Amino acid sequence: MDKQNILDLRYLRMARIWAENSYCERRKVGALVVKDKMIISDGYNGTPSGFENVCEDENNVTKPYVLHAEANAITKLARSSNNSDGSTLYVTAAPCIECAKLIIQSGIKRVVYGEKYRLEEGINLLRKANIEVKYLNTDTDEPK
């Protein structure tokens, strides 16, 4: 296994650990933005700042204002002195189309994800924008 694959697996495993910070019950998703082998931002799915940390309503439906992990990581960058031009986003689940738009606009050039999603519009849009997209199953693609 080459060096890049080993790094990709490590950062993706770290994103999985970061997902554990999510208060969402139905699905926990984590994301890391990495540039020059440094983590410059992180995020997990959850409610906006100042909201109670409850992601689902009484019927176990995700509340409409819950932010995805990618959106949290990208918007966190906007409040920092870092920028994501040329970086890699590691995310535990395939990005949706809304997050794909944010990824494109943020200058991220690679997306590595660890779980496929039934809808592929986000992945297709990233590819259309010439962003490198890589699926890695961290359960089966462990480094040797």
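Keep in mind that what you see is a predicted model, and the values were worked out from it rather than measured. Here, residue 1 is the first one in the sequence, and each next residue gets the next number.
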Distance from [X] atom [atom1] to [Y] atom [atom2], nearest 0.5 Å?
{"X": "Ile131", "Y": "Ile108", "atom1": "CD1", "atom2": "CD1", "value": "7.5 Å"}
{"X": "Asp42", "Y": "Trp18", "atom1": "CG", "atom2": "CH2", "value": "4.5 Å"}
{"X": "Ile39", "Y": "Asn82", "atom1": "CD1", "atom2": "CG", "value": "12.0 Å"}
{"X": "Asn5", "Y": "Leu12", "atom1": "CG", "atom2": "CG", "value": "11.5 Å"}
{"X": "Asn21", "Y": "Lys28", "atom1": "CG", "atom2": "NZ", "value": "9.0 Å"}

Please determine whether side-chain contact (heavy atoms from CB on, under 4.5 Å) holds for the pair Cys24 and Glu56, giving the CA-CA distance in whole Å, both sets of side-chain angles, and the decisive distance to 0.1 Å.
CA-CA 7 Å; Cys24 296; Glu56 295 86 8; 3.8 Å; yes

What are the two closest non-hydrogen atoms of [X] and [Y], and how far apart are they?
{"X": "Gly30", "Y": "Ala19", "result": "N-CB, 3.3 Å"}
{"X": "Ala93", "Y": "Arg27", "result": "CB-NH2, 3.4 Å"}
{"X": "Ala71", "Y": "Cys99", "result": "N-SG, 4.2 Å"}
{"X": "Ala31", "Y": "Ala73", "result": "CB-CB, 4.4 Å"}

Could you go through the side-chain contact (heavy atoms from CB on, under 4.5 Å) check for Thr47 and Glu52 one step at a time?
CA-CA 7 Å; Thr47 57; Glu52 64 179 349; 5.9 Å; no

Can a donor-acceptor pair be found, under 3.5 Å and without considering hydrogens, that links the side chain of [X] to the backbone of [Y]?
{"X": "Asp36", "Y": "Met38", "result": "no"}
{"X": "Ser22", "Y": "Val29", "result": "no"}
{"X": "Asn45", "Y": "Val66", "result": "no"}
{"X": "Ser84", "Y": "Ser106", "result": "yes"}

If hydrophobic clusters are built from ILVMFWY residues whose side chains come within less than 4.5 Å, do Val54 and Leu67 share one?
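Val54 and Leu67: separate clusters.
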
Would you kindly confirm whether Ile97 and Leu89 end up in one hydrophobic cluster when ILVMFWY residues are joined by side chain heavy atoms under 4.5 Å apart?
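Yes, one cluster joins them.
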
Are [X] and [Y] side-chain neighbours, meaning at least one heavy-atom pair lies under 4.5 Å?
{"X": "Ser87", "Y": "Val34", "value": "no"}
{"X": "Leu125", "Y": "Glu121", "value": "no"}
{"X": "Glu70", "Y": "Leu102", "value": "no"}
{"X": "Tyr135", "Y": "Ile123", "value": "no"}
{"X": "Val112", "Y": "Gln4", "value": "no"}
{"X": "Ser41", "Y": "Ile74", "value": "no"}
{"X": "Glu115", "Y": "Thr92", "value": "no"}
{"X": "Tyr117", "Y": "Cys96", "value": "no"}

Could you go through Arg110 and Tyr90, starting from their C-alpha distance and side-chain angles, then the distance that decides it, and tell me whether this counts as side-chain contact (heavy atoms from CB on, under 4.5 Å)?
CA-CA 8 Å; Arg110 287 182 78 231; Tyr90 294 91; 3.7 Å; yes

Candidate list Thr88, Asn83, Leu77, test side chain to side chain contact (heavy atoms under 4.5 Å, CB included), partner Lys35, passing option
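That would be Asn83.
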
The criterion is ring-ring contact (aromatic ring centres under 6.0 Å, His included); which residues satisfy it with Tyr23, sequence neighbours excluded?
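Residues passing ring-ring contact (aromatic ring centres under 6.0 Å, His included) with Tyr23: none at all.
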
Under 3.5 Å, is there a donor-acceptor pair between the Tyr44 and Asn72 side chains?
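Not at all, the side chains of Tyr44 and Asn72 share no donor-acceptor pair under 3.5 Å.
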
Would you please test Ile6 and Arg10 for side-chain contact (heavy atoms from CB on, under 4.5 Å) and show each step?
CA-CA 6 Å; Ile6 290 169; Arg10 286 179 182 159; 3.5 Å; yes

